[in-house]
Every structure is written in structure tokens, then in C-alpha cells.
Trainee: 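So that we are looking at the same thing, I have put the structure below in C-alpha cells.
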Amino acid sequence: MKKRRTAANARERRRMNSLNDAFEKLREVVPSLGSDRKLSKFETLQMAQTYINALHELVKHH
DNA sequence: TAGGCCATCTGGTCCT
DNA sequence: AGGACCAGATGGCCTA
């Protein structure tokens, strides 16, 4: 049934939208040093990881 | 015009 | 059964 597929597509679209919202929030808290353009999804994850590591180091030696 | 990034559709598979 | 999650395919848009 095509109706079911269409509904499933809509759900998937909403699911992806919420995932992108999460990426957006992550971009807000992770410092994008310099770079004027917004980080790609991949870059965002990478930055988050290095940022967390940096903060961890900071706390560790204190 | 090629490469990167992305949104969407789709058909499996897993979970409730 | 039906929804959530996932990964592959495809096409659009933008920039070097």
C-alpha cells in the first residue's frame, strides 16, 4: 500500500529532522574556533570529541 | 565540472 | 502489526 510508504517516509523525515536539531544544539555548545562557516555533521562530532578531551585534561590536572 | 554535504526515499531489520 | 532505526541509492546545491 502506497499510503503506508508515504506515512513511513514522513516519519523518517521527522526523525531525521530531530536528529538535525540535535546536531544544531551540539554546534551551539562546541566552539568552532575561527571558522566562519558552520561545521559539517562529521566535523561537529570530531570537534565535540576533541573539545571534551580538552576539558577533561583541564579538569584532570586540577 | 568534480567533490563535499545534505535531504529524501526506500527496503531491510530490530523493537514494542 | 506497526513504528523506530539503519544504511544504500539518488539527486540537488554550492564552492574551489
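Numbers restart at 1 for each chain; the letters A, B, ... are given by sequence-line order, proteins then strands.
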Trainee: Quiz question: by atom type and distance under 3.5 Å, do the side chains of Asn9(A) and Arg5(A) form a donor-acceptor pair?
Mentor: yes

Trainee: Quick one: which protein N/O atoms are closer than 3.5 Å to N/O atoms of nucleotides 10-16 of chain C? Pair and distance per line, please.
Mentor:
none

Trainee: Rounded at 0.5 Å granularity, tell me how far OG1 in Thr50(A) sits from CG in Leu55(A).
Mentor: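 Going from OG1 on Thr50(A) over to CG on Leu55(A), the span is 9.5 Å.
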
Trainee: Might you point out which heavy atoms bring Tyr51(A) and Val29(A) nearest each other, and give the distance in Å?
Mentor: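 What the structure gives for the nearest pair is CE2-O, 3.7 Å.
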
Trainee: Measure the OG1-CE distance between Thr6(A) and Met1(A) for me, rounded to the nearest 0.5 Å.
Mentor: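 Result: 10.5 Å between the selected atoms.
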
Trainee: dG4(B) C1' sits how many Å from Phe42(A) CZ, rounded?
Mentor: 12 Å

Trainee: Okay, side chain of His61(A), backbone of Glu57(A): is any donor-acceptor separation there less than 3.5 Å?
Mentor: yes

Trainee: If a pair satisfies side-chain hydrogen bond (donor to acceptor under 3.5 Å, both in side chains) and one of its residues is in residues 30-43 of chain A, list it, with sequence neighbours excluded.
Mentor: Asn20(A)-Lys41(A), Arg37(A)-Glu43(A), Ser40(A)-Glu43(A)

Trainee: Tell me, which of residues 3-24 of chain A have any heavy atom that sits under 4.0 Å from an atom in DNA chain C?
Mentor: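 Within residues 3-24 of chain A, the residues near DNA chain C are Arg4(A), Arg11(A), Glu12(A), Arg15(A).
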
Trainee: Walk me through whether Glu24(A) and Arg27(A) qualify under salt bridge (Lys or Arg N to Asp or Glu O under 4.0 Å).
Mentor: CA-CA 5 Å; Glu24(A) 200 44 59; Arg27(A) 282 189 189 98; 3.2 Å; yes

Trainee: For residues Val30(A) and Leu39(A), determine if any side-chain heavy atom of one lies less than 4.5 Å from a side-chain heavy atom of the other.
Mentor: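 Side-chain contact under 4.5 Å: yes.
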
Trainee: Does dA7(B) have its OP1 or OP2 closer than 4.0 Å to a side-chain nitrogen or oxygen of Lys41(A)?
Mentor: yes

Trainee: Using whole Å, report how far NZ of Lys2(A) lies from P of dG11(B).
Mentor: 12 Å

